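All values reported here derive from a predicted model rather than from experimental measurement.
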Amino acid sequence: MSGDHDDAVISRQVRRLETLLEEKGIVGGDTVDEVIDGFLSGASPLNGAKVVARAWTDPDFKARLLADGSAAVAELGFSSGGVQPQRLRVAENTESVHNVVVCTLCSCYPLRLLGPSPGWYKSEAYRSRVVREPLAVLAEFGVELAPEVSVRVWDSSAETRYMVLPRRPAGTEALTEPELVSLVTRNGLIGTAVV
């Protein structure tokens with residue numbers, strides 16, 4: 001999925017906003033850069049992978065994660081939000097359900113847990129199509145599901161962000177938590193890949 005056009009539009013809008021902030025004396029360009037750098041520091045899909053690995057190895061943590069994602073990730077020192085906290089809901093993939101996340105209005109996303117969102121996640125094509133034809137979109141990502149598996153699409157918002165808890169791969173029972181972390185990808189946390 002290509003979001004090159006959308007990315008160019010967004011980049012122009014961001015640059016215009018920065019220019020207006022500077023022209024009105026609200027904030028200087030260096031300050032904007034510092035805020036963005038601070039906001040992105042520590043934002044990584046590795047954080048989400050650590051959450052998943054803990055859920056795979058600790059049933060009590062998994063139960064807490066599914067009940068209240070925000071509180072559970074805070075136990076590991078992570079937040080689900082950015083400047084203002086959002087509620088985190090975690091959707092568990094099972095043998096009969098595959099979950100996928102989208103934000104149909106913009107690109108809301110648990111940045112601290114998944115790192116900066118990929119271009120395709122922000123694209124109009126992904127945002128509109130995954131809701132209407134999730135199986136076709138997942139197939140484009142190489143995800144082929146058995147006919148009996150239903151797909152649930154979770155629409156993120158400014159107040160609530162979603163993350164997928166992928167199914168633990170078979171044959172990984174002997175792996176340590178750090179070894180399990182290496183199996184989890186950002187796309188797996190969004191639902192556009194299986195682990």
Point to revise | Considering all heavy atoms, the nearest N93-P166 contact | key: ND2-CA, 4.0 Å

**Study point:** With sequence neighbours excluded, residues passing side-chain hydrogen bond (donor to acceptor under 3.5 Å, both in side chains) with E75
**Key:** R64

Practice item. Kindly give the heavy-atom pair with the smallest separation between L65 and A72, and that separation in Å. Key: CA-CB, 3.4 Å

Practice item. Would you name the heavy atoms of L66 and E92 that are closest together and state the gap between them? Key: CD1-OE1, 3.4 Å

**Study point:** Spatial distance of atom CZ (R127) from atom SG (C103) [nearest 0.5 Å]
**Key:** 7.0 Å

Check your understanding: Would one find more than 12 heavy atoms of other residues, nucleotides or ligands at under 6.0 Å from atom CD of E95?
Key -> no

**Study point:** H98 NE2 to T192 OG1 distance, which is reported to the nearest 0.5 Å
**Key:** 7.5 Å

Point to revise | Shared-cluster residues of L46, by chain and number - hydrophobic side chains joined below 4.5 Å | key: V181

Review point. For E179, does its backbone N or O pair with a side-chain atom of T176 as donor and acceptor, under 3.5 Å?
Key: yes

Point to revise | Expected output: side-chain R168 to main-chain T172 donor-acceptor under 3.5 Å | key: yes

Check your understanding: Counting N and O atoms only, with roles assigned by atom type, does the side chain of D155 sit under 3.5 Å from a partner on the main chain of T104, one being a donor and the other an acceptor?
Key -> yes

Practice item. Give a yes or no on whether a salt bridge exists between E140 and R129, defined as a side-chain N under 4.0 angstrom from a carboxylate O. Key: yes

Exercise for review: Not counting sequence neighbours, which residues clear ring pair (Phe, Tyr, Trp, His ring centres under 6.0 Å) with Y162? List them please.
Suggested key: W154

Exercise for review: Determine the minimum heavy-atom distance between P134 and V153, stating which atoms define it.
Suggested key: CB-CG2, 3.9 Å

Point to revise | Results of side chain to side chain contact (heavy atoms under 4.5 Å, CB included) for A174 - residues two or more places apart only | key: none

Review point. Do you know which two heavy atoms are closest between Y126 and V100, and how far apart they sit?
Key: OH-CG2, 3.5 Å

Revision key, fill the gap. Between the CG atom in L180 and the CG atom in L175, the distance rounded to the nearest 0.5 Å is 5.0 Å

**Study point:** N99 CG to L189 CG distance, which is reported to the nearest 0.5 Å
**Key:** 12.5 Å

Check your understanding: Is it true that E177 and R54 have a side-chain N and a carboxylate O under 4.0 angstrom from each other?
Key -> yes

**Study point:** Contact list for residues 53-72, test ring pair (Phe, Tyr, Trp, His ring centres under 6.0 Å), sequence neighbours left out
**Key:** none

Check your understanding: Can you list the residues that meet the side-chain hydrogen bond (donor to acceptor under 3.5 Å, both in side chains) rule with S128, with sequence neighbours excluded?
Key -> none

